[in-house]
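One-based numbering along the sequence shown. Excluded from the calculations below are hydrogen atoms, water molecules and symmetry mates; all remaining heavy atoms, backbone and side chain alike, are included.
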Amino acid sequence: MIAFLLFIVLPIALIVLALRMKPLVPRDERSSDPLGASGAAGGMFGSHGLEADPVSVREDTERVQFDLSALPRERE
């Protein structure tokens, strides 16, 4: 009976409870990053009060070319 309560009833009750909970801040008023990292960090370490970047832009990087001809050669 205890196994039934632990593995069947308790998970179902927690899922129903989680679906009925409402967020503290309405979704329309939230400003955060898509993955929610700033919200998690703000909850753990306190909020910094800055707005999230509206659009993430990838950094332009070029392939690095190394010139190995200027290195001294090893003696064989």
Side-chain angles (χ1 to χ4, degrees):
M1 181 69 177
I2 292 178
F4 176 75
L5 289 175
L6 283 176
F7 295 111
I8 304 297
V9 176
L10 182 62
I12 291 174
L14 290 176
I15 290 171
V16 169
L17 179 66
L19 293 175
R20 294 185 51 93
M21 292 174 62
K22 293 182 180 179
L24 295 175
V25 178
R27 292 180 186 235
D28 301 349
E29 298 176 15
R30 275 191 263 185
S31 62
S32 63
D33 56 326
L35 298 178
S38 65
M44 290 171 45
F45 305 112
S47 177
H48 51 69
L50 300 174
E51 292 295 323
D53 292 337
V55 178
S56 296
V57 179
R58 290 187 63 164
E59 182 180 350
D60 293 331
T61 58
E62 294 180 10
R63 192 169 183 171
V64 178
Q65 298 292 328
F66 294 101
D67 183 17
L68 301 177
S69 63
L71 295 175
R73 295 185 178 210
E74 293 183 23
R75 295 182 184 173
E76 296 180 8

By side chain to side chain contact (heavy atoms under 4.5 Å, CB included) - contacts of L5 (at least two apart): V9
Contacts of type side chain to side chain contact (heavy atoms under 4.5 Å, CB included), residue L19, not counting sequence neighbours: I15
How long is the span from the CG atom in L10 to the CD1 atom in I2, to the nearest 0.5 Å? 12.5 Å
Is there a path of hydrophobic side-chain contacts, each under 4.5 Å between heavy atoms of I/L/V/M/F/W/Y residues, joining L6 to L14?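 Yes: a chain of side-chain contacts under 4.5 Å links L14 to L6.
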